[in-house]
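Worksheet for the structure shown next.
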Amino acid sequence: MFIRVADEGKQNEETIEIPVDGDADGSVSLSTLTAQFQGVSALKYRNSESGVWRGVRVVDGKLYHPDGEWDPNAIYVPVYSKPMPSEIKRKGFDENQDETMSTSLGQIKPQRVATDFMINNNVDYDDIDRNRRCVDLIVLGISYRSLEDDVKKCFEEFGELVLCEIKRDSNGQSRGFGFIRYKNYESQLAVINKRHFIDGRHVDVKIPESKASHEPEYTRKIFITHMPDAITTDDLRQYFSKYGTLTDIYIPKPARSFGFVTFTDSSIVRSLLGKHVIKGCTVTVGLAEPKTKSYNINDYPSSTFKKAKSDHRGIRTFAPYAAPPPAAYPYYHQQFEQASNTDRMFTYFQQYNVSTPSATKEAFPTHQQSYWNTTEAAADGIWQ
DNA sequence: GTTGAGCGTT
């Protein structure tokens, strides 16, 4: 069986039939879809009764129809998150521009080939370029008695170093961390995310926060819970690296059933919220809270998870519920991307007959973004 | 069952 997919307003010229995996679970593979619609992250369709858009559920790279079966006559419309396909630079797109970058290590000519991964995950070349360069790497966990030479000896095994230093206080006492930098990017790839031993201590090498991203760390980080002890950092790396470039993986020792994975980019984070199956275990992915409570909310208006939670308690107090939610719960943010506003949220939730007294609107300051979705709302008893 | 150690200098 096939479903018909076309960009909005292009049903006449460019409707493409996409196969449904009938052997398995009747889902449509997101990668099959992205082969035809670059940059697509979900599908939507018009609800024939109400006329409003409905989102198709996306889980683990597969699209599931809310009613359990696809309508062969419907036209499904791709939902894109940024950037739009026309903005994805493919090989040849801007070949006449000189894109040679100057770095302290010489000239690097970036390759301009969009991989499937990049297209699927809306990774653009700026991300890749930034990530392909050698940067100073932070070395954490250095013994206080280790010297520069000890550190150097360990890391020279992987290639020529252009920097190796241990940070010290004004008395010359080691602070237990330092920085290294390689001449070649391959060496950087070889040491990062691996365990190293110096003077009987294991040390970690990471991209330092100052180089990781322009976005605050916690917006790029997921919080994984209900995680069995058997899941290791390697398992998390293997599983989550398909969604983006990782800058950090953390599992406390001894294990406490949770962990963190940090990406280079915050944009993938929202799409990962919910259940995932890793090594046969179902784990829950949530947002990481900021490590310090002293952040200024106005600095990061798009990342105020705690505020979003209290907003939705606001609804619960007011709303009587006339009807149960539909069979599936499309993510609000998959339809409307990142920036939200009160009016648009209320319009969206009206399709579920959630009563929205005007007083409730006051609980939604317009500068705040809501990350919560209808599944979470249902779990919290809004519609029970 | 549910939130992380530590991040500099030019």
Side-chain angles (χ1 to χ4, degrees), chain A residues 102-105 133-146 148 151 155 161-170 172-181 188 191-193 195-196 198-199 201-233 236-237 240 246-264 266 269 272-276 278 281-295 300 303-309 371-372 376 379-380:
Chain A
S102 291
T103 73
S104 58
L105 300 172
R133 289 169 44 209
C134 283
V135 295
D136 290 2
L137 304 171
I138 190 163
V139 184
L140 297 164
I142 301 172
S143 162
Y144 292 121
R145 53 191 180 81
S146 293
E148 268 80 356
V151 176
F155 291 112
L161 291 168
V162 296
L163 168 76
C164 179
E165 64 170 348
I166 291 174
K167 288 297 164 191
R168 300 174 184 281
D169 65 19
S170 50
Q173 169 69 242
S174 164
R175 292 170 66 191
F177 69 92
F179 291 88
I180 59 172
R181 186 183 184 116
Q188 174 171 315
V191 300
I192 223 158
N193 290 330
R195 175 160 292 181
H196 304 274
I198 302 173
D199 290 331
R201 283 184 58 92
H202 77 77
V203 300
D204 297 315
V205 183
K206 298 175 177 180
I207 305 275
E209 267 312 303
S210 58
K211 296 280 164 46
S213 168
H214 56 284
E215 300 175 292
E217 188 206 37
Y218 72 92
T219 66
R220 299 179 279 111
K221 203 169 200 179
I222 54 173
F223 174 49
I224 307 157
T225 51
H226 306 129
M227 207 175 67
D229 295 1
I231 292 184
T232 64
T233 53
L236 294 183
R237 178 181 309 114
F240 285 105
L246 312 185
T247 64
D248 194 30
I249 304 163
Y250 177 85
I251 297 176
K253 297 186 193 85
R256 287 161 57 199
S257 307
F258 67 84
F260 293 93
V261 170
T262 314
F263 293 89
T264 53
S266 69
V269 165
L272 296 176
L273 303 182
K275 306 285 184 197
H276 291 256
I278 303 174
C281 308
T282 301
V283 303
T284 308
V285 170
L287 296 171
E289 292 179 357
K291 230 182 278 190
T292 56
K293 302 292 179 208
S294 58
Y295 68 99
Y300 311 118
S303 312
T304 50
F305 182 53
K306 287 191 159 177
K307 283 293 172 186
K309 279 215 155 180
Y371 280 116
W372 56 281
E376 183 180 317
D380 273 355

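Below, chain A is the first sequence line, B the second, and so on; all start at residue 1.
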Gap between atoms CD and P, on A:Glu165 and B:dG8 respectively (whole Å): 11 Å

Once you round it to whole Å, what is the distance between C1' of B:dC7 and CD1 of A:Ile138? 4 Å

Is a side-chain N or O of A:Arg175 found less than 3.5 angstrom from the main chain of A:Asp169, in a donor-acceptor match? no

Are the side chain of A:Glu148 and the backbone N or O of A:Cys164 linked by a donor-acceptor pair below 3.5 Å? no

Looking at every strand, decide which applies to A:Phe177 at a 4.0 Å heavy-atom threshold: base, sugar-phosphate, or nothing. sugar-phosphate

Which is more 5' along DNA chain B, the nucleotide nearest A:Arg256 or the one nearest A:Pro228? Just name the residue. A:Pro228

Using whole Å, report how far CD of A:Glu217 lies from P of B:dC7. 11 Å

Could you tell me the separation between the NZ atom of A:Lys253 and the P atom of B:dG6, rounded to a whole number of Å? 15 Å

Separation of atom CG in A:Leu140 from atom P in B:dG8, rounded to whole Å: 11 Å

Just to be sure I understand the rule, does A:Gly286 reach a base, reach only the sugar-phosphate, or reach nothing, if contact means heavy atoms closer than 4.0 Å? nothing

What pairs with A:Ser174 under side-chain hydrogen bond (donor to acceptor under 3.5 Å, both in side chains), at least two apart in sequence or on another chain? none

Roughly, in whole Å, what's the span from CZ in A:Phe179 to P in B:dT9? 8 Å

May I ask you to evaluate whether A:Lys291 reaches the phosphate of B:dG6, defined as a side-chain N or O under 4.0 Å from OP1 or OP2? yes

Please determine if a side-chain N or O atom of A:Tyr250 lies less than 4.0 Å away from the OP1 or OP2 oxygen of B:dT3. no

Of the options B:dC7, B:dG8, B:dT3, whose atoms approach the side-chain atoms of A:Phe260 most closely? B:dT3

Take atom CZ of A:Phe258 and atom C1' of B:dT2, then tell me their distance rounded to the nearest Å. 8 Å

Taking ring pair (Phe, Tyr, Trp, His ring centres under 6.0 Å) as the definition, give me every residue that meets it alongside A:Phe155, ordered by chain and number, with sequence neighbours left out. A:His196

Which nucleotide in the set B:dC7, B:dT2, B:dG8 lies at the smallest distance from any side-chain heavy atom of A:His226? B:dT2

Roughly, in whole Å, what's the span from CG in A:Asp248 to P in B:dT3? 18 Å

At under 4.0 Å between heavy atoms, what does A:Pro252 touch on the DNA or RNA strands: base, sugar-phosphate, or nothing? nothing

Aromatic rings A:Phe263 and A:Phe240: how do their planes relate, parallel, tilted or perpendicular, breaks at 30° and 60°? perpendicular

